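In what follows, chains carry the letters A, B, and so on, assigned in the order in which the sequence lines appear, proteins first and then strands, with residues in each chain numbered from 1. Note that the structure is predicted; figures quoted are calculated from it, not measured.
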Amino acid sequence: MALRLAWAYLRSSPGRTLILVLCIAATLTLPIAGARFFVVLEREMLARADGTPVVIGSPGSPADLVLHALYFAPSPPGELPVSAADEVRDSGLARPVPVYARFTAGGRPIVGTTLDYFDFRNIGLDRGAQLARLGDCVLGWEAARRLGVEPGDTLASDPHDIFDLGGTFPIRLRVRGVLQRTRSPDDHAVFVDLSTAWIIAGIGHGHDDIAEIDPDAERTDQGYRSGAQVRTHTMITDENIESFHFHGDPDTFPLTALIAVPNDDRARALLLARFVSRADGLQALRPSLVVADLVEMLVPVRRALGGYSAVTAGVALALFWMIVALTLRLRRSEFETLHDLGCPRSTTAAIIACEIAMVLGLGLLIAGVVSLGGVELSRGWIRTMAA
Amino acid sequence: MFANLPAARPAVFLALAAALLLGACAERDDANGRESSGPHSVYTDAYHLHYFAERIGGDKIRAAFPAPDGLNPSRWRPGDDIIERYQNADLILRSGASYAIWTRFASLPLARTHDTSRAYADRIIVIENAITHSHGPDGMHSHDGESPYTWLDPTLAIKQARAVKTVLIGLLPESEAELRARFESLETELSDLDREIASIVGDRADAVFATSHPVYHYFVRRYGLDAVDFHWEPDEMPDAEEWAALDRLLDERSGRIMLWEDEVIPEIASALGERGVIVAVVRIIDRRPPSGDFMSIMRENADSLRNAYDTLGSR
């Protein structure tokens, strides 16, 4: 009975009821959304980190290194030689997964790696085929959608320093395939073979055969001396692929990070121990611990948001209570009529309690739907933010 | 239950067998579609490695060497479909020493690809300023850089076979004893071969004065030979200038044995015979032989060398 009368009263003044419900909803949305946002953010950050057992990299900020290895953060830390990958593999303790991510294509990070990366992350192809040779790329699902490219198309790497006139040209990549959607940073990346990434970096290149275009070229200890114009290839094709070559000691070619996948917990411990106080300064990190530290840094923000939300909620509830008190005073004659008709005071109290509960309940419901739904819908953005 | 269906029983068994077979064939272990059933697939980029893998792995593995018979595997360029087969293999064995050029440009998985020459990286011979030349349909090339034919030195072949054994044990730890036994058998044969060739050469290392092609660096080094490399093909008559170069060398050297990759055409044989040059056919076994296998051809090489030495000794 009280419930029916309370509901009838609320329906009799829809405008006032709506305002009250919206006030409650607006007040509760921020704290609920904030709390949920931090839970999701932490979970997203830790999930990627937990799935990456060990990251090895140059000396410097552990956070920079781990964030680069996990999310291909655009400003990579220092570099380490690719021989570190051989060292990890030869140790028999772990599987190395190299990462060299310095450049972009269409604003998306180009990740130079080996096929081991796809095995490690268990990412299959959505369409097309896997990297086959130098100059090939496969795109993350979202990168392919945003860039509007499909297998069979080509994609140029972005010029990395327009003021470096002697620098390398952008390379036009052959799009071989598009990866399955993973709802991770991998969706946004362009993957190439490590050697292709080194060519983009200018460590390797391909050009006309000097001996072929200028038979009179003088051969010296350093190579050929010729006045002929030699074209540098900007796309790797079946015809010119054998002209591509690298300069320098292959063992020193760079990586920006090295992911290691240990055989078991003992192997991980042994591997981490090998990278303590090394002469070359290389460090091995457990991303879950580094990211947990980063998450810890969010605690003050979370607390501040909680405090602000509590104050706002307190003020709003006080305002709500004041409105209720004023309303009750305005409705005194209405309640007295009910008492005159024989309605017990407990019933009028129950009616008022039901009205308050309904308004609060509706407000809470709207706040819950808006905040939780909003956070769920924003998961992609939160992932980006986590990155 | 099949007792009630006597007529249908064979069909049911067949269907079950087919389903099991198909199920086994279709079993996949990851998102990238590698098969987890059946013997492990081991792909190699050189014939001799294929032989080593088969000898050591036996029926525990499925060894594959997809290079077409008619092409030089070091210069062969596999299509994307073949590269995909390599990528999906459980193990990829590379000969190293810059042998298969295509592996420099192909995307291969680091964890499953093994350079079997790393055990003797310090013994790899580097050739500088080699002549660029051509023969047959392979186009222009030079032998600049690392000399790839390491397996012609049986001691290096043993090291390479040992590397194959090690990675196969990593793949099949439960079969370690069997793999070791098979390797030891191969090692014994290669060691015997090495001793045999060393005894043939003995203290007459200067008897071999030339090679038809710069592919014998490891063989020459192993047995202390002092041979000059030419760029001759057994089925292409060299021109007068090349014969003159040979004649000049013959004036300088007392040795009269020349190593060839294959039997020479009669015109070459005749011209060499006139000069007193004895042909020793030492095949480099870089592709699947029409008959026999790596070991039998290596023994034939030793026999050919012995015949050449015997002929020289009988003069």
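- Taking 4.5 Å as the limit, every side-chain heavy atom of Gln130(A) sits out of range of all side-chain heavy atoms of Glu84(B).
- Without hydrogens or angle criteria, Arg77(B) side chain to Asp238(A) main chain gives a donor-acceptor distance under 3.5 Å.
- The closest side-chain heavy-atom distance from Asp116(A) to Arg112(B) is not below 4.5 Å.
- Residue Phe105(B) comes nearest to Phe244(A) through the heavy atom pair CE2-O, 3.5 Å, listed as atom of the first residue, atom of the second, then distance.
- Thr114(A) is not listed as a side-chain neighbour of Ser107(B), based on a closest heavy-atom distance of 4.5 Å or more.
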Sequence neighbours left out, cut at 3.5 Å: what donor-acceptor pairs do the side chains of residues 163-179 of chain B make with other protein atoms?
residue	atom	partner	partner atom	Å
Thr166(B)	OG1	Arg162(B)	O	2.9
Glu176(B)	OE2	Arg180(B)	NE	2.9
Glu176(B)	OE2	Arg180(B)	NH2	2.8

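- From Ile83(B), atom CD1 reaches atom CZ of Arg133(A) across 8.5 Å, with rounding to the nearest 0.5 Å.
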task = Mind running side chain to side chain contact (heavy atoms under 4.5 Å, CB included) on Asp86(A) and Arg118(B) for me, showing each step along the way?
result = CA-CA 11 Å; Asp86(A) 292 331; Arg118(B) 291 184 66 196; 4.0 Å; yes
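- Using a 4.5 Å heavy-atom cutoff, the side chains of Arg176(A) and Asp80(B) are in contact.
- Heavy-atom contacts from other residues, nucleotides or ligands closer than 6.0 Å to CZ of Arg127(A) number more than 12.
- Arg55(B) meets the salt bridge (charged side-chain N to carboxylate O under 4.0 Å, His left out) test with Glu189(B); sequence neighbours excluded.
- Arg104(B) places no side-chain N or O within donor-acceptor distance of the main-chain N or O of Glu242(A), the cut-off being under 3.5 Å.
- For the set Leu131(A), Asp136(A), Val192(A), Thr196(A), the entry with the most heavy-atom pairs within less than 4.5 Å of chain B is Leu131(A).
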